[in-house]
Amino acid sequence: MATPKPRVKLPKTASAGEIITIKTLISHQMESGQRKDKNGDPIPRQIINKFTCEFNGTPVFSCDIDPAISANPYFEFNAKVPESGTFKFTWIDDDGSVYEHEAGIEVK
Amino acid sequence: MTINRRQALGLAAGAVAFAAAGLPGRPASASPEETQKRIAEFTGGKTPETGRLTLTAPEIAENGNTVPISIEVESAMEGDDVVEQVMILAEGNPNPDVAVFNFSEASGIAAATTRMRLAKTQNVIAVAKMKDGSTFIDQKEVKVTIGGCGG
């Protein structure tokens, strides 16, 4: 499987205290553990089981994920922006891999 | 050894029966009772109220592999009026758990959108837990044309 590639969409600027919408997507097959291969053997589960979003170190939103979330998990949520800073997004894979992405925002 | 048509048919039927019985089988779908149990665990035994939580899901999902769902809770997200968690459950999937969203005051609005898998036509349930301990529930039936749990 190709290395999962995170994609995040959020505005570059905001006014202080504004509530913005953040859209995130990561390419990941989210193998549910329910499927079988050609020989009828179950394909082991491998999903992203946790997603978190922090702003300047403060937790904004997080999600505990079960196999019922679709492949290429997509999350859309909101965040209140009090000041300029950096959003940090983290996805945690069943195999222990951690995928990270950062995006800055400027308060005008 | 020669096999006539009748024997061949019998053999084929037997093989099918064997295959059906011998398969570990697709896991039985989660029962509504199991879903109720999850809700009780989540709320600590309280009966959730309806009202402030809205679950948005399509009435008919053509493809059970990606069904868009949204939740929103009316809340100021300040002081005691903060949504802490929203759990999503699917009654008819092999496993009822879908996801748990954790919100904070920095979320601004308690709303989220994602895409989920549905194995068959079933109820999707959302349960919200507030900081003051109150709980809310909403559910929608989604009709699924093609199931999305592999097999």
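Sequence lines set the chain letters: A, B, ... in the order given, protein chains first and strands last, and positions in each chain run from 1.
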hydrophobic_cluster_shared for [Y] and [X], side chain cutoff 4.5 Å:
{"X": "A/Leu25", "Y": "A/Val8", "answer": "no"}
{"X": "B/Phe101", "Y": "B/Ile137", "answer": "no"}
{"X": "B/Leu53", "Y": "B/Met87", "answer": "no"}
{"X": "B/Met77", "Y": "B/Phe136", "answer": "yes"}
{"X": "A/Phe89", "Y": "A/Ile26", "answer": "yes"}

Name the region of A/Ile43, side chain, backbone, both or neither, that has any atom closer than 4.5 Å to a heavy atom of chain B.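 Neither part, no heavy atoms under 4.5 Å.
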Structural part of A/Phe55 lying under 4.5 Å from a heavy atom of chain B: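 Neither; nothing under 4.5 Å.
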With chain A, which of B/Ala112, B/Gly108, B/Ser107 has the greatest number of heavy-atom pairs at distances under 4.5 Å?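 Winner by heavy-atom pair count: B/Ser107.
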Taking all atoms of both residues into account, what is the closest heavy-atom pair of [X] and [Y], and its distance?
{"X": "B/Val98", "Y": "A/Ile69", "answer": "O-CG1, 3.6 Å"}
{"X": "B/Ser104", "Y": "A/Val60", "answer": "OG-O, 3.1 Å"}
{"X": "A/Cys63", "Y": "B/Ala99", "answer": "SG-CB, 4.0 Å"}

Answer yes or no: are there more than 12 heavy-atom neighbours, outside [X] itself, under 6.0 Å from its atom [atom1]?
{"X": "B/Glu41", "atom1": "CD", "value": "yes"}
{"X": "B/Glu62", "atom1": "CD", "value": "no"}
{"X": "B/Lys140", "atom1": "NZ", "value": "yes"}
{"X": "A/Arg45", "atom1": "CZ", "value": "yes"}

As an exercise: rank A/Thr24, A/Ile19, A/Thr58 by heavy-atom pairs under 4.5 Å with chain B and give me the winner.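 Of the options given, most contacts go to A/Ile19.
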If you measure from [atom1] on [X] to [atom2] on [Y], what distance do you get to the nearest 0.5 Å?
{"X": "B/Asp97", "Y": "A/Ile65", "atom1": "CG", "atom2": "CD1", "value": "13.0 Å"}
{"X": "A/Met30", "Y": "B/Arg115", "atom1": "CE", "atom2": "CZ", "value": "12.5 Å"}
{"X": "A/Ser70", "Y": "B/Leu118", "atom1": "OG", "atom2": "CG", "value": "8.5 Å"}
{"X": "A/Asp66", "Y": "B/Asn95", "atom1": "CG", "atom2": "CG", "value": "6.0 Å"}

Does the side chain of B/Glu78 come within less than 4.5 Å of A/Lys80's, by heavy atoms?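 The answer is yes, as the side chains (C-beta and beyond) meet within the 4.5 Å cut-off.
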Given B/Thr113, which partner from the list A/Tyr74, A/Phe77, A/Phe75 fulfils the side chain to side chain contact (heavy atoms under 4.5 Å, CB included) test?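 Between B/Thr113 and the candidates, side chain to side chain contact (heavy atoms under 4.5 Å, CB included) is satisfied uniquely by A/Tyr74.
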